[in-house]
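Presented below is the structure to which this report refers.
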Protein chains: 2
Amino acid sequence: MLSPIDFYFDFISPYAYLASRRIEDLALRHQRRVNWHPFRLGVAVVKVMGLRPILETPLKGDYMIKDIHRLANALGAPLTESLDLPNPIPPARLFYACCASEHAGALAKALLHARWAQGLDIGDEQVLCDVARTVGFAPEVVARALRDPLTREALTDATQLALDRGVFGSPTVVVGGELFWGTDRLWLVDQFLGNQGRYAPLKDDRLAALGFR
Amino acid sequence: MLSPIDFYFDFISPYAYLASRRIEDLALRHQRRVNWHPFRLGVAVVKVMGLRPILETPLKGDYMIKDIHRLANALGAPLTESLDLPNPIPPARLFYACCASEHAGALAKALLHARWAQGLDIGDEQVLCDVARTVGFAPEVVARALRDPLTREALTDATQLALDRGVFGSPTVVVGGELFWGTDRLWLVDQFLGNQGRYAPLKDDRLAALGFR
C-alpha cells in the first residue's frame, strides 16, 4: 500500500455524499487507502472566503439544486428530494470520537448515505445512534461523543488543518500535496494517481467521455 | 438543423476559452448551431450574487489558477502563464457590432484564443484590429464598434437577458430551457442532446472516464 489519500468533506455537502460512494474504490485501484476528514465548510465559505452559503446565493443556489439531482441521476445514486442542510456538528463529533477505529470510514459513508440517500436528520442523536449501530458503534459511543468537549475541539482543529492545506470546498481530495476540489474532478485524481503523480494530456476515450472529442 | 444552443460567456473567463474550442463540434454532432452571447460575468458575480471576484477570493483564487492550468493540459489546449484579466468590454462591444455576421462565432473564438492561448491584451484597440482582421473584419469595424453607444447598450442588454435566464457563470450552455454551467459539464450537455433532451444514468464507459467506475 502507498500512502493514503485525504478526503475532506462536510456532512452538509451532497456532492461529498456522491464522491463518498466512489472514493475508496478509486483509491484502492491505485493501492491507496482513504483518510476521512470532516471539516466545517461553513467556516471556510463564510469566514475565510467571505462568501455567502451557496443555497443563499441568488441564481447559483437554484442551479446547485438542479445540478446535484442531475448528477445523482447520471451516477445512478439515490438522492432525497429535499436538500435542507443537516446540523453537521453532531455527526462530525461522532466521527472524531471514532476516527481511530478501522470502521471510521464506514461510519462517515453511512452518515452521508443516511442524510442524502435516505433523508434522515443526522443532526439528531437518535438517528446517529441508529446509523452508528449499523456499522458497529454502540449508542453509548454516540452519547459520549456528543458530550465530550474533545470531539468539538477535534472538529475545530480538523477545520483549521484543512484550511491550512488550502482546502475550501467539499469534497476535496488531497494527495501528494495536490488538491482536487469537487466530485467532478475525480477523473483527474484517477489520472494523476495512475500516472505516477504527473499530469498529462488525456487519452481520446477520456476526452470523448468528458465531451471533448 | 435543430434549434441552436446558446453559449453564454465572458472574455475574462479562461474556462470559456477551453469550452469555446469544443462547443461548435459538440453542437454539430447533435445537428445544432451555436449562438454566442458574451455577457458581464462581473455583474452577475458581484452585483447579483453578492460574491467576490474569484481571483480575489482567499484559497479559491489560488486553486482556480492551478485548476485551469491542469485542465488546459489535460485537454491539450495552449494556455498562457498569466491569468490577468483583460478588460472584457471592448471585445464584447466588438462582438455585438458583428453579431449579425456569419463570422461572429469565429470572432468570439479568435478573441478568446488571442487572450488565453496567446496572452494578448484584447482590451486594446490595436490588438482587436489584428484579431478581427484574421476573421475578416476591417479595422474600421473595430473603431466604430468601440465608439458606437449601441454596442455598449447591446452588452448591457445581453447581460440582463442572461441573468433573466438564470445564467450566472462562464461558460454556460442553455438548451431547451436547461442550463449547464461549466466546462466540466459539457459531457452532460452531450448526453442530454444525444438522449432527446432527457437525463439518464450514464453508461459504463462514461462513468469510468469520469472516475466513477
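Everything numeric in this text was worked out from a predicted model, so none of it was measured. Atom set for the values below is all heavy atoms of this structure, side chains included, hydrogens, waters and symmetry mates excluded. All chains are named by letter (A, B, ...) in the order of the sequence lines, taking the proteins before the strands, and each is independently numbered beginning at 1.
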> Can you name the residues of residues 166-175 of chain B that have some heavy atom under 4.5 Å away from a heavy atom in chain A?
Replying inline: B:Gly166, B:Val167, B:Phe168
>> For residues 65-95 of chain B, give me every residue with a non-hydrogen atom less than 4.5 Å from any non-hydrogen atom of chain A.
In response: B:Lys66, B:Asp67, B:Arg70, B:Leu71, B:Asn73, B:Ala74, B:Leu75
> Among residues 1-23 of chain B, which residues come closer than 4.5 Å to chain A, judged by heavy atom distances?
Replying inline: B:Tyr15, B:Leu18, B:Arg22
> Hey, are the side chains of A:Thr183 and B:Phe212 touching, using non-hydrogen atoms and a 4.5 Å cut-off?
Replying inline: yes
> Checking heavy atoms, do the side chain of A:Leu179, its backbone, both or neither come under 4.5 Å from chain B?
Replying inline: both
>> Do A:Asp184 and B:Arg185 have side chains that approach each other closer than 4.5 Å (heavy atoms only, starting at C-beta)?
In response: yes
> Going from CG on B:Leu210 to CG on A:Leu210, what distance comes out if it is rounded to the nearest 0.5 angstrom?
Replying inline: 5.5 Å
> How about residues 48-64 of chain B versus chain A: which residues have heavy atoms under 4.5 Å apart?
Replying inline: B:Val48, B:Met49, B:Gly50, B:Leu51, B:Arg52, B:Thr57, B:Pro58, B:Leu59, B:Lys60, B:Tyr63
>> So which residue, B:Ala44, B:Ala200, B:Gly182, ends up with the most heavy-atom pairs under 4.5 Å with chain A?
In response: B:Ala200
> With a 4.5 angstrom heavy-atom cut-off, which part of A:Phe192 approaches chain B: side chain, backbone, both or neither?
Replying inline: neither
